[in-house]
Amino acid sequence: MEGFPYLESKESIQSYLESVAGGEGVGLDDLRLATTLDNRDKLASFRAKFCLPTISDICEGEKLAADSSQDCVYLTGNSLGLQPKGTKDLIVADLDKWAKKGVYGHFHDPVAWLPIEDIVVDESARLVGAKPIEVVPMNGLTVNCHLAMVSFYQPTKDRFKIVLEKDSFPSDFYAVQSQVNWHGYDPKEAMIVMAPREGEHFWRTEDVVQLIEEQGDSVALVWLPGVHYLTGYVFDMEAITKAAHSKGCYVGFDLAHAAGNVELCLHDWGVDVAAWCTYKYLNSGPGGIAGFFVHEKHAHNQQLPRLLGWWSHNRKTRFDMSNVLDLQAGAAGFQLSNPPVLECLSLKASLDVFADTSMRELTIKSRILTGYLEMLIEHYLTKEKRENVAADSSKYMTIVTPSDPKRRGAQLSLQFSFPVKEVHHQLASRGVVTDLRKDGHMRVAPAPLYNSFKDVWTFFKTLELTLK
Ligand SMILES: Cc1ncc(COP(=O)(O)O)c(C=O)c1O
């Protein structure tokens, strides 16, 4: 199978797509282009490893405008990933073990519960560019954001500020605000809320770096998303980390929309701390266990303030119950409770799928898949294009995600010149699943692990119908 090239610019992706279409002698919006791309896709077989709802599954009770026995077009892996087919077997086998072994299940194979976190550490670390000692599964994401700040937000009289961004996800905003309050500082003074330039949607790296250079002496922590939830914009985590460290600030990232979506090198970039949920691109299921990263340079730092529980203690002597702390090294020493076994297993089922590929392979496909979506929209559905061809040219859309593939992952966010709820509803009644967020953003996320080029083409054609 031919596979796709690794492409680094919008222009190279567009010219690749045009050359494939030219080679086939078909137009850019022809289904045959999608079919050719699917035939070239080395990851195409991964789709069969997931449970794909049919249109009738997801549109229960709706008046349907499509053949309901077909697979739906699922473009919301950025919100909740699809269920891997291996999940149910792992969970059911463990429920059986619990039924048969009771408390002895803690020590019994196939997966002993006591060291259960071990089953997801190595693969999680590989996916975020970390060493195993730097990663642990625990809690939910918001809890982990707080635990990150408990350790890495240690304000002093002169250095008490946190840099965050204007459209922070509410959990990040409230976590920062409440941590600042908790330490007795005034959020109005302590929160430096960065906005993009007037009239722009994204933060320019040079502006973020300049802000840190100018105000860094008073900053204790830079806390930003890796990938922005609303626009899909990828922050330049490496440059931001470098700038923050040069001013003596700690730096942490909420990687909810980054883990399993874009290539990360948390260890090499020197990021201090990070947290992510696993139910989006990592497909662990609703409310799945979250991930936590602490850089190796902090692995043996016993002075780092933290909250403790029995799972922070060395597992070899944990059951001595001595109450004399023997702290686990690395990220593991930030655990408080014994982990939820079923959640670790459901994450494991998905990581087993990732184990057969790599973030680089996924990125190669993702760039062409999302580039294909971008090309279809830009060629046919933007204001300029609609003015030339459409009977009703007042209906069009704008992409509010960067066009540079290095500054985005699998998500494109769209804004519409007319009420978006109606579009969303019409897509849903035709079995096309997207989601809506504030300010009329429709988020569309072709996940390279299970979405096909035909999915993207069907989305585009259905969207086109809603403009009629
Ligand atoms: C960027 C971001 N941060 C935090 C959260 C909150 O996650 P949780 O409810 O798992 O704590 C989400 C949830 O979608 C998110 O997208």
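Index from 1, following the sequence. Start at 1 and go down the list; that is how both ligands and their atoms are numbered.
In this structure, the salt bridge (Lys or Arg N to Asp or Glu O under 4.0 Å) partners of E464, at least two apart in sequence or on a different chain, are K461. The side-chain hydrogen bond (donor to acceptor under 3.5 Å, both in side chains) check on K166 picks up nothing, with sequence neighbours excluded. Every residue was checked against the side-chain hydrogen bond (donor to acceptor under 3.5 Å, both in side chains) condition with E206, not counting sequence neighbours, and none meets it.
The number of heavy-atom neighbours closer than 6.0 Å to NZ of K438, taken from other residues, nucleotides and ligands shown, is above 12.
Relative orientation of the Y229 and H257 rings is tilted, given thresholds of 30° and 60° on the angle between their planes.
In this structure, C51 and L82 approach most closely via the heavy-atom pair O-CD2, 3.7 Å.
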Do any nitrogen or oxygen atoms of ligand 1 lie under 3.5 Å from a protein nitrogen or oxygen, and which ones?
{"residue": "ligand 1", "atom": "3 (N)", "partner": "D254", "partner atom": "OD2", "Å": "2.7"}
{"residue": "ligand 1", "atom": "7 (O)", "partner": "Y279", "partner atom": "OH", "Å": "3.1"}
{"residue": "ligand 1", "atom": "10 (O)", "partner": "Y279", "partner atom": "OH", "Å": "2.7"}
{"residue": "ligand 1", "atom": "11 (O)", "partner": "T142", "partner atom": "N", "Å": "2.8"}
{"residue": "ligand 1", "atom": "11 (O)", "partner": "T142", "partner atom": "OG1", "Å": "2.5"}
{"residue": "ligand 1", "atom": "14 (O)", "partner": "K280", "partner atom": "NZ", "Å": "2.9"}
{"residue": "ligand 1", "atom": "16 (O)", "partner": "H257", "partner atom": "NE2", "Å": "3.0"}

